[in-house]
Each structure stands twice: as C-alpha cells, then as structure tokens.
Amino acid sequence: MNYISTRGDTTPRGFCDILLEGLAPDGGLYLPERYPKVDAATLGRWRSLPYAELAFEILSLYIADIPPADLRRLGEATYTEAVFGTPQITPLTRLDEGLYLQGLSNGPTLAFKDMAMQLLGNLFEYELARRGEQLNILGATSGDTGSAAEYAMRGKQGVRVFMLSPHGRMSPFQQAQMFSLQDANIHNIAVEGVFDDCQDIVKAVSNDLDFKRRYSIGTVNSINWARLLAQVVYYFAGYFQATRSDHEVVSFAVPSGNFGNICAGHVARMMGLPIRRLVLATNENDVLDEFFRTGTYRVRATAETHETSSPSMDISKASNFERFVFDLLGRNAARTAELFGPALARDGGFTLAAAEFAPAASYGFVSGRSSHADRLATIRDTWQRHGVMIDTHTADGLKVALAHRAPGETMIVLETALPAKFAATIIEATGVAPKPPAALEGIENLPRRYTVMAPEVDTVKRFVAMHCA
Ligand SMILES: *Cc1c(COP(=O)(O)O)cnc(C)c1O
C-alpha cells in the first residue's frame, strides 16, 4: 500500500516513509491511495479475534513494509490487558436497549489518545532502530496530548520527548501525571506563559530548519496517519461487540475536535464496516457542526474560540478535516489544494458548491452541538438513571447521539476520557467526586521532575541541545 497527499503529490511512499513525518511536502495530509475493502467473509473471520489480533489484521492491509511477524509482535506488545485494564481493550457498557458506551479511555492517561499513541511509541522505536536513527519529539500541550505522548514514549530506545506546557495552568491531576514520570528520555518544560506561548516556541524551533535537522526534531501531532490508522481498529471492535451477525448495521457518535477520531470511523466505513451513521458532536466550538449543517467551513479566530468544560475539543480549526473533504470531492486534489491552501488563511474558510456538499450525507455524517448546560444535564441523567459516570466530552457525544437516534438504531457512543480527569464539572453535575482508577490514587504525592523556563526560544533550544548530546 502506498500513500498519497490530499494536495496532489503522488510520489509513491510506503507506510514507514510517512510514519515519522507530519505534513506531506506539498502541505497536504497523507492518505492511502485506496481503502482496502473488507468482505462479509473477512468480517466473519475477524469477529472472534482478540483485539491485538484484530489490530494486526487491519494494520496489515495498510502496512507492507514491516514484516508480518514483527507487526504482529508490535500489536501484541501494545494492546494488553495490563495497559488497557480489560481483555476486550475497548469494552462496551450498555446504557439502554441498543445504546452503548465504548470505553476508549482505559489506557495510562485515561483518554482515548492512548489507543493510538501507545502503538505509535512501539512503531517509532521499531522503525528508528531499523534505521539506526534517533528522534527528538518536541511538542506543546495543555494537557491530554502531551501526557499521552509521554506515556507512549517513556523508556523507548531512540526517542526523547521535550514537552512544553504552561507553568501552573494544567489541572493538578494532569500536572501530577506528566511531572511524576522519572524516565530519563522524558523532559517536561514548564514555560512561564500560556499555551499559545508554548506553541509559538515549538513553531519557532521547527521553523529553524538547521536546528531541526541537526537535532532530529519531530512531532507526534494528530495529523499523523499511523495514529488515525490505529483508531480504525476500535470501530471494528465496537461493531463486533454490539452485534451478533454481520448483517446488522450500527451508528457511532463521536465527540470531535480535530476530526481525528471520527475520520477513523469514516475510514472504517469506507472499508465496508456496516456503519449507518457517524454522528459528529462538538461543544460550543462548533466549526464542524456548522460545516455538516451548511457546507460552510469557517475557521474561528482565537478570540472566538471558547474555553469550555470539554476542553480537549476547544479547537478553532480541525486539522484532520482536509482528509474527509478530499474524499468528499471524489479525491480531487487540485480542488482540495485550492480550498485548504493559502486561500484558507486569507479568507478564513470556504463554502462548498451545492453539488460538492450534497454527497456528504451519503458518507453517513450528521452532526450536532452541546453546551455546558447540556453536558451537566447529560452527566447527571446518565448517573441517576444508569449509575454510570461519564466525562464531559463523552457527555457531548451522548447528548448529540440521543438527539439523532432513530427508533431501533443501534448507537455506540465513544467514551473519550474518564470522569476523574474532569472532576470539577462532574461534581457540579452530580454532587459526587469521580474516583480515579486505583493505580493512580496518590499520584499527586509522587516526586516531580520538570524544568521551569522563561518563554524564550533560545532557552528552549539550549535545553534541547544540551540533552541531545
Ligand atoms: C482529543 C480529544 C477529543 C477530540 O478528538 P479529535 O480526534 O481531535 O476529534 C475528544 N475527547 C477527548 C477526551 C480528547 O482528548
């Protein structure tokens, strides 16, 4: 399988060629040149497989440049009960007849990003060893992504992580999670500033191409194809748990920000998984809901981006969205480049022609938005009626799922974080404090390892250089 860019670069590249890269050289995103189709016989064969085996089968369809025995071993090392808490890895919880939560947040950082990031850590280590190379991951985080990356890369050969976070601004739990890591290859840099300062520093360092090359600087952001591919697996796993035969059709509801999670659902559907609808849920930052209702994609300014109680969905633009639009336009790379190229920054968005937007429904997408009040009501209701505590992001998904659900429609709502991560809102909704998993109790009292730094590009560069020697 080769990979192409959404903006037209068709240089043949294998999976491992794009594994360690971000954007394609033409500024587009990588996609497989076609989606492998899965027939009924294959679905039948996959239905009873353990998660790691299922992951191997799906990854194999997209990865031709890692020997199968190695790929199988990487999958088995990643998706274990020890790391994800249950033998199912992504277990379903039944709320009502035909209504389920799929638990994607039982990994080390209690959010669904672990599902992909844990595999990425093993893939990076494998590929870097094979090439005899090293990689220094530089990133900025306001919480979830940074900790998922650190827990995936800790102790890995050939990889170092330098993670910038705004000093004193992450939640106490998030700080404890990241700063208690004692691994020599993990470096936490607490920047005296806000998240945007951290991100500006990362951009400035990455734009210094000399420095970038000299110190092998890389990233692990959400546009990475390997992350998306890893997420395709749990749509299959959820489907098999919710159904008894491969004639049944299900829908998924997905709390969305950068369109990474739901884009994996789109890929699963394109492969032939019987998905009726993909229900996209946003919070008050409703860029994507607006698009699926109107065909207009309007990037929000910083001042227009709300800080909400489902903060991992507080986005101004959706970095994976270009992948879907490319497919929606019949894979017209020239038109995709026109929409997402310099014009997007200049005009702040685009409106698709009616004929371009019309097929969106045939891809199964519907959408809706949820507010803080909706979130509270959904968390409270789920707690009172089912005795199940859900986090704020999952609540957005469930709220929009219920608004769209047709009678008899099997609906799987993806649970993207555990409530313990967002305790304040859970207490506001239910009056009850969510319990963190036993393994994380007392994490606030562990010794911490981090470096406080002024928001200066050169200071960060010096620190990176010093620790790369
Ligand atoms: C990242 C994240 C999301 C949004 O996922 P996207 O792939 O960006 O759409 C939703 N919920 C939680 C808890 C997250 O961490």
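Just so you know, ligand 1 is whichever comes first in the structure, and atom 1 is the first atom listed for that ligand. On a predicted model such as this, the values are computed, not experimentally measured, just so you know. Excluded from the calculations below are hydrogen atoms, water molecules and symmetry mates; all remaining heavy atoms, backbone and side chain alike, are included.
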>> With a 6.0 Å cut-off on the ring centroids, do Tyr363 and Phe324 count as close?
In response: yes
> Using the ring of each side chain (for Trp, its six-membered ring), is Phe291 parallel, tilted or perpendicular to Phe357, with breaks at 30° and 60°?
Replying inline: perpendicular
> What is the ring orientation for Phe292 with Phe259, classed by angle as parallel under 30°, tilted 30 to 60°, or perpendicular over 60°?
Replying inline: parallel
>> Here's one to test your reading of the geometry: is the NZ or CZ of Arg34 within 45 degrees of the ring axis of Tyr3 and under 6.0 Å from its centre?
In response: no
> Angle class for the Phe365/His266 ring planes (parallel below 30°, perpendicular above 60°, tilted otherwise)?
Replying inline: tilted
Need the list: ligand 1 N/O atoms against protein N/O atoms, distance under 3.5 Å, rounded to one decimal.
residue: ligand 1; atom: 7 (O); partner: Gly260; partner atom: N; Å: 3.1
residue: ligand 1; atom: 7 (O); partner: Asn261; partner atom: N; Å: 2.9
residue: ligand 1; atom: 8 (O); partner: Asn258; partner atom: N; Å: 2.7
residue: ligand 1; atom: 9 (O); partner: Gly257; partner atom: N; Å: 2.8
residue: ligand 1; atom: 9 (O); partner: Asn258; partner atom: N; Å: 3.3
residue: ligand 1; atom: 9 (O); partner: Phe259; partner atom: N; Å: 3.1
residue: ligand 1; atom: 11 (N); partner: Thr416; partner atom: OG1; Å: 2.9
residue: ligand 1; atom: 15 (O); partner: Lys113; partner atom: NZ; Å: 2.5
residue: ligand 1; atom: 15 (O); partner: Asp144; partner atom: OD2; Å: 2.9

> Partners of Glu57 by side-chain hydrogen bond (donor to acceptor under 3.5 Å, both in side chains), sequence neighbours excluded?
Replying inline: none
